[in-house]
Amino acid sequence: MKLWVVLCLALLWVELQNGVCQQVKRRKDVGENRIRPGGKRVKARPTKPKDVGGKGQSLLTQVLDKGRFLRLGPSTTLTPGRNMELRCKGNSIGWSYPAYLDTFNDSRLSINPSDKYSQLILTSPSAADTGPYSCWVIVCDGTECERDHDRTYVSYIYFTDKDNLFVPSAIHFEIVYLRPDRPAVVPCRVTDPQAKVSLHREVPPEEIPANGTQVTYDPTKGFVLPSPSPEHQGVFYCKAVTKGTPQISTKYQLLYVEVPSGPPFVSLEASPESVGGGDNVNVTCTVLGEPEVDVSFTWSYPGQGRRPVHTQTSWRLVNRGMSHTTRISQSVLTVEDMETIDFGNYICKVKNRNGETIVATNIISK
């Protein structure tokens, strides 16, 4: 009996030892330390996923110090005063940047193309340089070239300046035109995307809340009025606050526009209507149009090239109807000491960005 018990205990001990050995073996199979041929012990490294470059991956990068590069996202915040260098991969690249850098032919901006990339450098950037910077690949088919919209990359760059929370403007009192058929923007853009910005009417003094429907706020644009109405007219300003003292923006005069878009609406009038030899006459060409749309005048008259005339062009904004704003542009042609050659048709041709209109009047001898 005792022998049988001893035999059972011995068999149980063997089974336990086999289980422990197998467990240790499995641990070594999956352990961190592996032995390569040659006896060197190395650590197994986890497998890294491969970088996949798709169409949505930006080729627009900022060059940092010591040859490092930063791929730019939809928005970037930089420090004013430090030179900025951007690169865009490709041997044929187009660029865009805040428009005023072109308007003033700013020598701080330079673009240098090469075989592998194009380089944009802006020296001593300031808060005024805040805005969208973008590049795109230009593809050509023979002599015809066009922008590749699938390879266009943009980053809105903020040059954050605690002394200039609003992007500086050369205009201290701007006019914003309101139309019922399109959104209007009060363009108080900020240099710090974290700034808290509010819109205020000057008279009567009140804050206009950005409720997401009638008024919305975008730090890259300003306050947007999706459906402007005459009630939105008046003088407004914006207020920005971060950690310091609140700052006030430029003032904005919001005017409601009556005249719809289209070719110029023109009238022509001679004063006096009938003249005799030796008299003076004024021919006035008048245009009613959109407040911010420029027009150009061209005259044709009987003594053209042979008789001296004087022309004077001017424009002004007027309120018509229920506080609607219209631009009146005029060109006045004056003929002094009328002669026989001066009688006949006086033709005024007016152009704007939407088309042209031609009107005529006949001046006869009384």
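Positions are given from 1, in the same order as the sequence printed here. Computation of the quantities below employed the complete heavy-atom set of this structure, encompassing side-chain atoms and omitting hydrogens, waters and symmetry-equivalent molecules.
- A cation-pi contact, defined as under 6.0 Å to the ring centre and within 45° of the axis, links Arg87 to Tyr117.
- Looking at heavy atoms from C-beta onward, Thr77 lies in side-chain contact with Pro193 at the 4.5 angstrom threshold.
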Inset, instruction - Apply side-chain contact (heavy atoms from CB on, under 4.5 Å) to the pair Trp95 and Leu60, showing each step before the final yes or no. - result: CA-CA 11 Å; Trp95 289 92; Leu60 178 61; 3.7 Å; yes
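- In this structure, Leu109 and Ile121 have side chains that are not in contact, with every pair of non-hydrogen atoms separated by 4.5 Å or more.
- Remark: the Asn345 side chain and the Tyr301 side chain contain no N/O donor-acceptor pair separated by less than 3.5 Å.
- Classification of Asp294 and Arg327 as a salt-bridged pair holds, one side-chain N sitting under 4.0 Å from a carboxylate O.
- Proximity of a side-chain donor or acceptor of Thr160 to a complementary backbone N or O of Thr191 within less than 3.5 Å is detected.
- Remark: the backbone N or O of Ala127 is not paired with any side-chain donor or acceptor of Asp161 at under 3.5 angstrom.
- Remark: Glu336 CD is loosely packed, at most 12 non-hydrogen atoms of other residues, nucleotides or ligands lying under 6.0 Å away.
- Remark: Asn280 CG to Ser271 OG distance equals 11.0 Å, nearest 0.5 Å.
- Of the N and O atoms on the side chains of Arg189 and Tyr156, at least one donor lies less than 3.5 Å from an acceptor on the other residue.
- Within 6.0 Å of atom CG in Asp141, 12 or fewer heavy atoms from other residues, nucleotides or ligands are found, so the atom counts as exposed in its surroundings.
- What you find for Pro228 and Leu178 is that their closest heavy atoms are CB-CB, 3.7 Å.
- Within a 6.0 Å sphere centred on CZ of Phe69, heavy atoms belonging to other residues, nucleotides or ligands number more than 12.
- A donor-acceptor distance shorter than 3.5 angstrom exists from the side chain of Thr357 to the backbone of Pro264, with no hydrogens or angles considered.
- Hydrophobic clustering keeps Leu225 apart from Val235 (ILVMFWY residues linked when any side-chain heavy atoms are closer than 4.5 Å, directly or through intermediates).
- A salt bridge between Glu207 and Arg201 is absent, with no side-chain N of the basic residue lying under 4.0 Å from a carboxylate O of the acidic one.
- Using a 4.5 Å cut-off on side-chain heavy atoms (C-beta onward), Pro302 and Ile363 make no contact.
- Summarising the geometry, atom CD belonging to Gln62 is positioned 9.0 Å from atom OG belonging to Ser155; distances are rounded to the nearest 0.5 Å.
- Between Ser75 and Tyr158, the closest heavy-atom pair is CB-CE1, 4.1 Å.
- For Glu202 and Lys251, the salt-bridge test passes: some basic side-chain N is under 4.0 Å from an acidic carboxylate O.
- Residue Leu122 is grouped with residue Leu70 when hydrophobic side chains (ILVMFWY) are merged at heavy-atom distances under 4.5 angstrom, including chains of intermediate members.
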Inset, instruction - Please report the C-alpha distance between Ser300 and Tyr346 in whole Å, then the side-chain angles of each, then the deciding distance to 0.1 Å, and finally whether the side-chain contact (heavy atoms from CB on, under 4.5 Å) criterion is met. - result: CA-CA 6 Å; Ser300 298; Tyr346 284 73; over 6 Å; no
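- Listed for the Gln247 side chain is a donor-acceptor partner under 3.5 Å among the backbone atoms of Lys162.
- When atom types are taken as modelled, the side chain of Arg147 and the backbone of Thr152 share no donor-acceptor pair closer than 3.5 angstrom.
- A 4.5 Å side-chain heavy-atom check between Leu165 and Thr242 finds at least one atom pair inside the cut-off.
- For residues 296-317, the set of pairs meeting the salt bridge (charged side-chain N to carboxylate O under 4.0 Å, His left out) definition, not counting sequence neighbours, comprises Arg307-Glu339, Arg307-Asp342.
- No continuous path of hydrophobic side-chain contacts links Val167 to Val224 [ILVMFWY only; heavy atoms under 4.5 Å].
- In this structure, Thr76 and Leu78 approach most closely via the heavy-atom pair CG2-CD2, 3.9 Å.
- Taken from CD1 in Ile248 to OH in Tyr237, the straight-line distance is 5.5 Å, to the nearest 0.5 Å.
- Side-chain contact between Val266 and Lys349: absent, with no pair of heavy atoms (C-beta onward) separated by less than 4.5 Å.
- Contact check on Arg179 versus Glu292 returns a salt bridge, with a Lys/Arg side-chain nitrogen under 4.0 Å from an Asp/Glu carboxylate oxygen.
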Legend entry - Residue pair Gln119, Glu85: steps toward the side-chain hydrogen bond (donor to acceptor under 3.5 Å, both in side chains) verdict: CA-CA 7 Å; Gln119 177 191 55; Glu85 180 183 344; 2.6 Å; yes
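- Of the possible polar contacts, one joining the Thr130 side chain to the Phe159 backbone as a donor-acceptor pair under 3.5 Å is found.
- Hydrophobic clustering (ILVMFWY, side-chain heavy atoms < 4.5 Å, transitive): Trp136 and Leu59 are in distinct clusters.
- Counting all heavy atoms, side chain and backbone alike, Asp129 lies closest to Pro98 at O-CG, 3.6 Å.
- Thr286 and Gln330 share a side-chain donor-acceptor pair at under 3.5 Å.
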Inset, instruction - Take Leu86 and Tyr133, measure what side-chain contact (heavy atoms from CB on, under 4.5 Å) needs, and give me the verdict at the end. - result: CA-CA 9 Å; Leu86 303 181; Tyr133 291 77; 4.1 Å; yes
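- Listed for the Gln233 side chain is no donor-acceptor partner under 3.5 Å among the backbone atoms of Leu255.
- A donor-acceptor distance shorter than 3.5 angstrom exists from the side chain of Asn211 to the backbone of Val215, with no hydrogens or angles considered.
- The shortest distance between side-chain heavy atoms of Leu254 and Phe236 falls below 4.5 Å.
- Atoms NZ and OG1, on Lys89 and Thr61 in that order, are 7.5 Å from each other to the nearest 0.5 Å.
- Note on Leu120 and Leu64: same hydrophobic cluster, where clusters join Ile, Leu, Val, Met, Phe, Trp and Tyr whose side-chain heavy atoms are under 4.5 Å apart, directly or indirectly.
- Distance alone, capped at 3.5 Å, places no donor-acceptor pair between the Thr311 side chain and the Leu333 backbone.
- Of the N and O atoms on the side chains of Asn282 and Thr334, at least one donor lies less than 3.5 Å from an acceptor on the other residue.
- Residue Ile157 holds its CD1 atom at 6.0 Å from CG of Leu72, rounded to the nearest 0.5 Å.
- In this structure, Ser198 and His200 approach most closely via the heavy-atom pair OG-NE2, 2.7 Å.
- Checked by atom type and distance alone, the side chain of Asn352 pairs as donor or acceptor with a backbone atom of Gly355 at under 3.5 Å.
- Ring-plane geometry between Tyr217 and Phe223 is classed as tilted, the angle between the planes lying from 30 to 60 degrees on a 0 to 90 degree scale.
- With hydrogens and angles left out, the side-chain atoms of Ser169 and Glu174 include a donor and acceptor closer than 3.5 Å.
- Val293 is listed as a side-chain neighbour of Arg353, based on a closest heavy-atom distance under 4.5 Å.
- For the pair Val359 and Ile347, the minimum side-chain heavy-atom distance is 4.5 Å or more.
- Atom OH in Tyr177 sits 9.5 Å away from atom CD in Gln253 (nearest 0.5 Å).
- Annotation for Glu206: atom CD counts as buried by contact number, over 12 foreign heavy atoms lying within 6.0 Å.
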Inset, instruction - For the pair Thr298 and Val350, evaluate side-chain contact (heavy atoms from CB on, under 4.5 Å) and give the outcome as yes or no after the intermediate values. - result: CA-CA 6 Å; Thr298 305; Val350 186; over 6 Å; no
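- Minimum interatomic distance between Phe343 and Gly276 (heavy atoms only, all atoms of both residues): CZ-C, 4.2 Å.
- Annotation for Ile364: atom CD1 does not count as buried by contact number, only 12 or fewer foreign heavy atoms lying within 6.0 Å.
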